[in-house]
Amino acid sequence: MKPLVAGNWKMNGSLTGLTELELIKVGAPKDVDLLICPPFHLLAPFAAANVLDIGAQDCHALPSGAYTGNISAEMVRDTGAKFVIVGHSERRQYHHESDVDVSLKASAAWRAGLTAIICVGETKEQRVAGEALAVIGEQLEGSVPEGATALNTIIAYEPVWAIGTGLVPSTADVAEMHNFMREALNKRFKQEFRLLYGGSVKPNNAKELMSVPHVNGALVGGASLKAADFLGILGAYN
Ligand code: PGA
C-alpha cells in the first residue's frame, strides 16, 4: 500500500509557509503521498498554489447554520482541500468531542466528497492499565461510521501520551495496535484502510516506526512545520 505522510500544523503557520510546501515537494521521495493540514485561513491559498494535497483539521457535522466560528465540510471542500482530520485528541480533549461527534463529522466529510482522517488514541492511564486495545476497539466502533471505505477514510492511531511529548510507544506496541486495528476494520468493513501512526514522529525515529507492519504512513505534528524536519521523516522511505 502506498504510504501517506501527513502534516498537521495545528494552530501554527502563515502564508509564508508555502515556501516549506515547495521545499517538501522538491525533496520528497516519489512513492509517498503527501498531505499538509494547515489552519483554516491557509486552506484556500495553499490549495490554489497546487503544490501538495491540502486538508483541514476539523469540520462541523452540518452543512450550514447558526454555528458561530465553525466551518462545514462543504466549506472545506470549497477551499480546494481534499481531506479533513476528525477526532484529533486535542479536539476530543479541549472541545469535548465524543465518538458520536467524530462519526458525524466523518459522515459530513464524505457528504462533501472529502477523505476523512479519523484519529483514535488511548491515554497513558489507559495504556498502563492494560486497556489500550479495548479503548481503541471502542473508539473505532464508535467513531468510524458505516459506509467507511478505503477510499473515503484513513485511520490514524495517535496515543494521546505520545503527542507533543517526545515519547513514542515501542515498535512492539505499535505493531500490536496496528495489527489489532487491521483485523477489527477488516472484520467490519472488509477493506484494507490506510493506517497511520502519529505522536512524536521525528526524523530520528521515523524509519523504525514506518517499518512496523500495518503502519502505512504517519500523521506528524511539530516536525511538519519545517521542510527540513518533514523531509527528514520522509527519508524513512528512501
Ligand atoms: P506531534 O503531533 O507529532 O507534535 O507529536 C502529532 C499529532 O498531533 O498529530
Side-chain angles (χ1 to χ4, degrees), residues 3-13 17 20-21 24 28 32-40 42-43 52-59 81 83-97 102 105-106 109 115-124 126-127 132 135-136 139-140 143-144 153-171 173-174 177-178 181 193-210 212 215-237:
L4 168 69
V5 178
N8 170 13
W9 282 13
K10 311 193 179 183
M11 200 169 72
N12 297 293
E20 304 299 321
L21 272 57
I24 291 166
V32 181
D33 285 335
L34 302 172
L35 171 67
I36 294 291
C37 300
F40 281 118
L42 298 177
L43 292 176
L52 299 179
D53 276 346
I54 299 300
Q57 300 170 13
D58 179 46
C59 65
F83 296 76
V84 60
I85 298 170
V86 295
H88 189 279
S89 74
E90 286 150 18
R91 300 291 314 178
R92 291 178 186 261
Q93 188 182 345
Y94 304 138
H95 300 268
H96 312 292
E97 292 184 4
V102 176
K105 287 175 180 222
T115 299
I117 302 178
I118 303 177
C119 301
V120 295
E122 84 284 356
T123 63
K124 188 79 201 172
Q126 289 165 334
R127 174 150 294 272
V135 167
I136 299 308
Q139 287 183 9
L140 287 176
S143 307
V144 185
T153 300
I154 294 164
I155 306 294
Y157 167 58
E158 299 207 303
V160 178
W161 52 273
I163 295 175
T165 59
L167 301 172
V168 286
S170 67
T171 49
D173 284 347
V174 175
M177 185 60 79
H178 277 245
M181 297 197 301
F193 293 87
R194 258 176 174 165
L195 305 179
L196 310 184
Y197 168 80
S200 295
V201 179
K202 305 289 177 198
N204 66 5
N205 61 21
K207 200 173 181 80
E208 206 178 3
L209 289 164
M210 296 305 104
V212 172
V215 172
N216 311 120
L219 181 52
V220 183
S224 68
L225 291 168
K226 289 274 161 249
D229 293 335
F230 203 61
L231 287 170
I233 288 169
L234 288 166
Y237 292 105

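Along the sequence shown, residues carry numbers from 1. Indexing begins at 1, ligand by ligand and atom by atom, following the structure's order.
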Here the pair of heavy atoms bringing Pro169 nearest to Ala162 is CD-CB, 4.4 Å
Sorted by chain and residue number, the residues with a non-hydrogen atom under 4.0 Å of ligand 1 are Asn8, Lys10, His88, Glu158, Ala162, Ile163, Gly164, Gly199, Ser200, Leu219, Val220, Gly221, Gly222
Value for CG (Leu140) from OH (Tyr157), rounded to nearest 0.5 Å, stands at 11.0 Å
One should read off an interatomic distance between Ile154 CD1 and Ile118 CD1, to the nearest 0.5 angstrom, of 10.0 Å
*Check the side chains of Ser143 and Arg92 for a donor-acceptor pair under 3.5 angstrom, ignoring hydrogens and angles.*
yes
(Q) Under a plain distance cut-off of 3.5 Å, with no hydrogens placed, do His88 and Glu158 share a side-chain donor-acceptor pair? (A) yes
Using the ring of each side chain (for Trp, its six-membered ring), is His178 parallel, tilted or perpendicular to Tyr197, with breaks at 30° and 60°? tilted
